[in-house]
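As structure tokens, the structure follows; a few thoughts come after it.
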Number of protein chains: 2
Amino acid sequence: MKKKSFINDNPVCQIRMQAISDTMGILSGKWKFHILGTLIEGHKLGFMDLLREIDGIGSKMLSKELQDLELNHLVSRTVMNTKPITVEYAVTEYGATLSPLINELTKWGIAYRQSIHGSTSEINKGLKDV
Amino acid sequence: MKKKSFINDNPVCQIRMQAISDTMGILSGKWKFHILGTLIEGHKLGFMDLLREIDGIGSKMLSKELQDLELNHLVSRTVMNTKPITVEYAVTEYGATLSPLINELTKWGIAYRQSIHGSTSEINKGLKDV
DNA sequence: GAAAGTACTTTCCATAAGGATACTACCGCT
DNA sequence: AGCGGTAGTATCCTTATGGAAAGTACTTTC
């Protein structure tokens with residue numbers, strides 16, 4: 001009996017695949033989670049605040065990533081009527097639904113780092129020393 | 001009063017940042033979550049099984065990503081003593097700790113898609129029609 | 001002995017992602 | 001007039017990512 005050329009799997013898997021692609025498509029890149037995490041903590045931050053808070057990011061990347069997040073309605077951008085014009089970035093109500101996901105991401109990362117320092121530091125690939 | 005050139009934030013934020021970088025560093029790329037998700041569902045799968053199950057992946061990518069996952073002890077690779085040599089890939093006990101994260105990712109992706117179809121389809125960037 | 005199945009690796013290429021640096025433009029202060 | 005702060009944009013460049021196609025090597029089946 002020949003193996004089916006493509007086990008199309010159950011619909012549950014197809015939906016899972018699609019959901020993972022969707023989520024990762026929206027949150028792809030090196031900085032989106034950092035920006036969202038910082039905004040969740042800081043509530044309202046200006047462009048320069050974010051630039052200072054997020055270590056390593058440049059203005060080009062910050063600008064581009066904020067535009068992406070705004071397009072997907074995860075972050076709001078409000079131009080304030082102040083003397084030197086300021087812009088307030090904040091997480092939207094919808095963006096806040098990412099909190100559980102960001103928490104899981106953080107929890108796992110912390111546990112991973114602990115599992116290394118706890119063990120004979122066997123696992124060390126993918127971990128940047130800071 | 002001059003603004004501090006770098007608000008070094010609280011240690012909690014630094015740890016969060018680091019944790020997010022760690023997690024995303026390990027799980028970066030287009031396919032890792034798909035491979036892990038598929039292996040969690042399928043328990044034990046061969047190379048060709050994965051190639052068939054994961055729509056769109058090529059053998060080069062699959063091979064590379066599996067090596068990465070194996071290096072980080074998230075997936076185990078067992079060469080079986082069968083007539084035509086077969087290899088069994090499975091999620092390790094440690095890899096299984098990613099389940100809550102993958103579930104959150106999936107849940108959010110599904111909710112996102114529903115939020116679009118539920119609304120006047122305002123949000124549509126980042127969503128590929130399937 | 002040819003086909004087909006296992007599990008990959010290799011090469012070559014195109015595009016995407018991201019960083020460094022510089023620049024615009026506006027305002028307030030001194 | 002010049003400095004510093006706001007919020008970005010523009011340009012150039014390098015590296016990372018990932019896909020297509022073919023090749024290797026070994027075995028069983030027809």
Side-chain angles (χ1 to χ4, degrees), chain A residues 1-7 20-21 24-35 38-39 44-71 75-90 125-126 128, chain B residues 1-7 20-21 24-35 38-39 44-71 75-90 125-126 128:
Chain A
M1 171 228 192
K2 200 164 167 186
K3 196 171 262 185
K4 211 158 162 281
S5 66
F6 192 89
I7 306 164
I20 291 173
S21 295
M24 296 314 290
I26 292 160
L27 301 171
S28 64
K30 197 175 170 180
W31 301 109
K32 297 222 178 65
F33 282 114
H34 290 304
I35 295 172
T38 305
L39 281 176
K44 281 173 187 296
L45 293 169
F47 187 86
M48 295 308 283
D49 294 328
L50 285 165
L51 211 51
R52 276 185 289 263
E53 295 293 338
I54 301 170
D55 197 16
I57 200 170
S59 56
K60 192 190 82 171
M61 273 300 120
L62 180 56
S63 174
K64 199 210 116 211
E65 298 294 65
L66 282 170
Q67 280 171 27
D68 281 3
L69 292 169
E70 204 195 338
L71 262 172
V75 160
S76 66
R77 180 182 183 275
T78 318
V79 178
M80 304 305 282
N81 192 21
T82 47
K83 328 71 174 285
I85 193 168
T86 52
V87 178
E88 263 183 18
Y89 289 97
K125 202 257 178 177
K128 286 176 198 72
Chain B
M1 169 228 192
K2 201 165 166 184
K3 195 170 263 184
K4 209 156 163 283
S5 68
F6 191 90
I7 306 164
I20 290 173
S21 294
M24 294 316 288
I26 292 160
L27 299 170
S28 64
K30 197 173 168 180
W31 301 109
K32 297 220 178 65
F33 282 114
H34 289 305
I35 294 171
T38 305
L39 282 175
K44 284 174 186 296
L45 293 169
F47 187 87
M48 295 308 283
D49 294 328
L50 285 165
L51 211 51
R52 277 185 287 263
E53 295 293 339
I54 302 170
D55 198 15
I57 200 170
S59 55
K60 192 191 82 170
M61 275 299 120
L62 181 56
S63 174
K64 199 211 117 211
E65 298 293 67
L66 283 169
Q67 280 170 26
D68 281 3
L69 293 170
E70 203 194 339
L71 261 173
V75 159
S76 66
R77 179 180 184 276
T78 317
V79 178
M80 305 305 285
N81 192 20
T82 47
K83 328 78 180 274
I85 194 170
T86 51
V87 178
E88 260 183 20
Y89 291 96
K125 202 255 178 179
K128 287 177 195 74

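Residue numbers start from 1 in every chain, and the chains themselves are labelled A, B, ... in the order their sequence lines are given, proteins ahead of strands. Fair warning: this is a prediction, and the values are worked out from it, not measured in the lab.
For the pair B:Met48 and A:Ile57, both in contact range of DNA chain C, the more 5′-proximal nearest nucleotide belongs to B:Met48. If A:Ser59 and A:Gly56 are placed on DNA chain C by their nearest nucleotide, the residue sitting closer to the 5' end is A:Gly56.
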Are there any protein N/O atoms within less than 3.5 Å of an N/O atom in nucleotides 12-18 of chain D, and if so, which ones and at what distance?
from: D:dG18; atom 1: OP1; to: B:Lys30; atom 2: N; distance (Å): 2.7

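B:Met61 contributes atom CE, which lies 12.5 Å from atom CD1 of B:Ile54 (distance to the nearest 0.5 angstrom).
Contact check, B:Ser63 against C:dT9: a side-chain N or O comes under 4.0 Å of OP1 or OP2. The shortest distance between the side-chain N/O atoms of A:Gln67 and the OP1/OP2 oxygens of D:dT9 is below 4.0 Å. Taking only side-chain nitrogens and oxygens, A:Arg52 never comes nearer than 4.0 Å to OP1 or OP2 of D:dA7. Dashed line: the shortest gap from a side-chain N or O of B:Thr86 to OP1 or OP2 of C:dT6 is not under 4.0 Å. Distances shown here put a side-chain N or O of A:Tyr89 below 4.0 Å from the OP1 or OP2 atom of D:dG8.
A straight line from CG of A:Leu51 to P of D:dA7 spans 10 Å, rounded to a whole angstrom. Computed from coordinates, the A:Arg77 CZ to D:dT6 P distance equals 15 Å when rounded to whole Å. The CG atom of A:Leu66 sits 11 Å away from the C1' atom of D:dA7 (whole-angstrom rounding). For the pair B:Met24 CE and C:dG18 C1', the interatomic distance rounds to 16 Å; values are reported in whole Å. Rounded to a whole Å, the CE atom of B:Met80 is 18 Å from the P atom of D:dT27. Rounded to an integer number of Å, the gap from A:Lys44 NZ to D:dT6 C1' is 18 Å.
Counting heavy atoms from C-beta on, the side chains of B:His34 and B:Ile57 never come closer than 4.5 Å. Under the 4.5 Å side-chain criterion, counting only non-hydrogen atoms from C-beta, A:Arg77 is in contact with A:Val87. Here the side chains of B:Thr78 and B:Met80 are in contact, with some heavy-atom distance below 4.5 Å. Using a 4.5 Å cut-off on side-chain heavy atoms (C-beta onward), A:Leu66 and A:Tyr89 make contact. Side chains of B:Ile20 and B:Met24 form a contact here, defined as non-hydrogen atoms less than 4.5 Å apart. Contact of the A:Leu39 side chain with the A:Leu50 side chain is registered, since non-hydrogen atoms from C-beta on lie closer than 4.5 Å.
Note on A:Glu88: nothing from the nucleic acid sits closer than 4.0 angstrom, heavy atoms only.
Judged by distance alone, the side chain of A:Ser63 and the main-chain N or O of A:Lys60 form no donor-acceptor pair under 3.5 Å. The closest donor-acceptor contact from the side chain of A:Asp49 to the backbone of A:Gly46 lies under 3.5 Å.
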Letter by letter from the 5' end, nucleotides 25-30 of chain C scores (B base, S sugar-phosphate only, - none; protein heavy atoms under 4.0 Å) --SS--
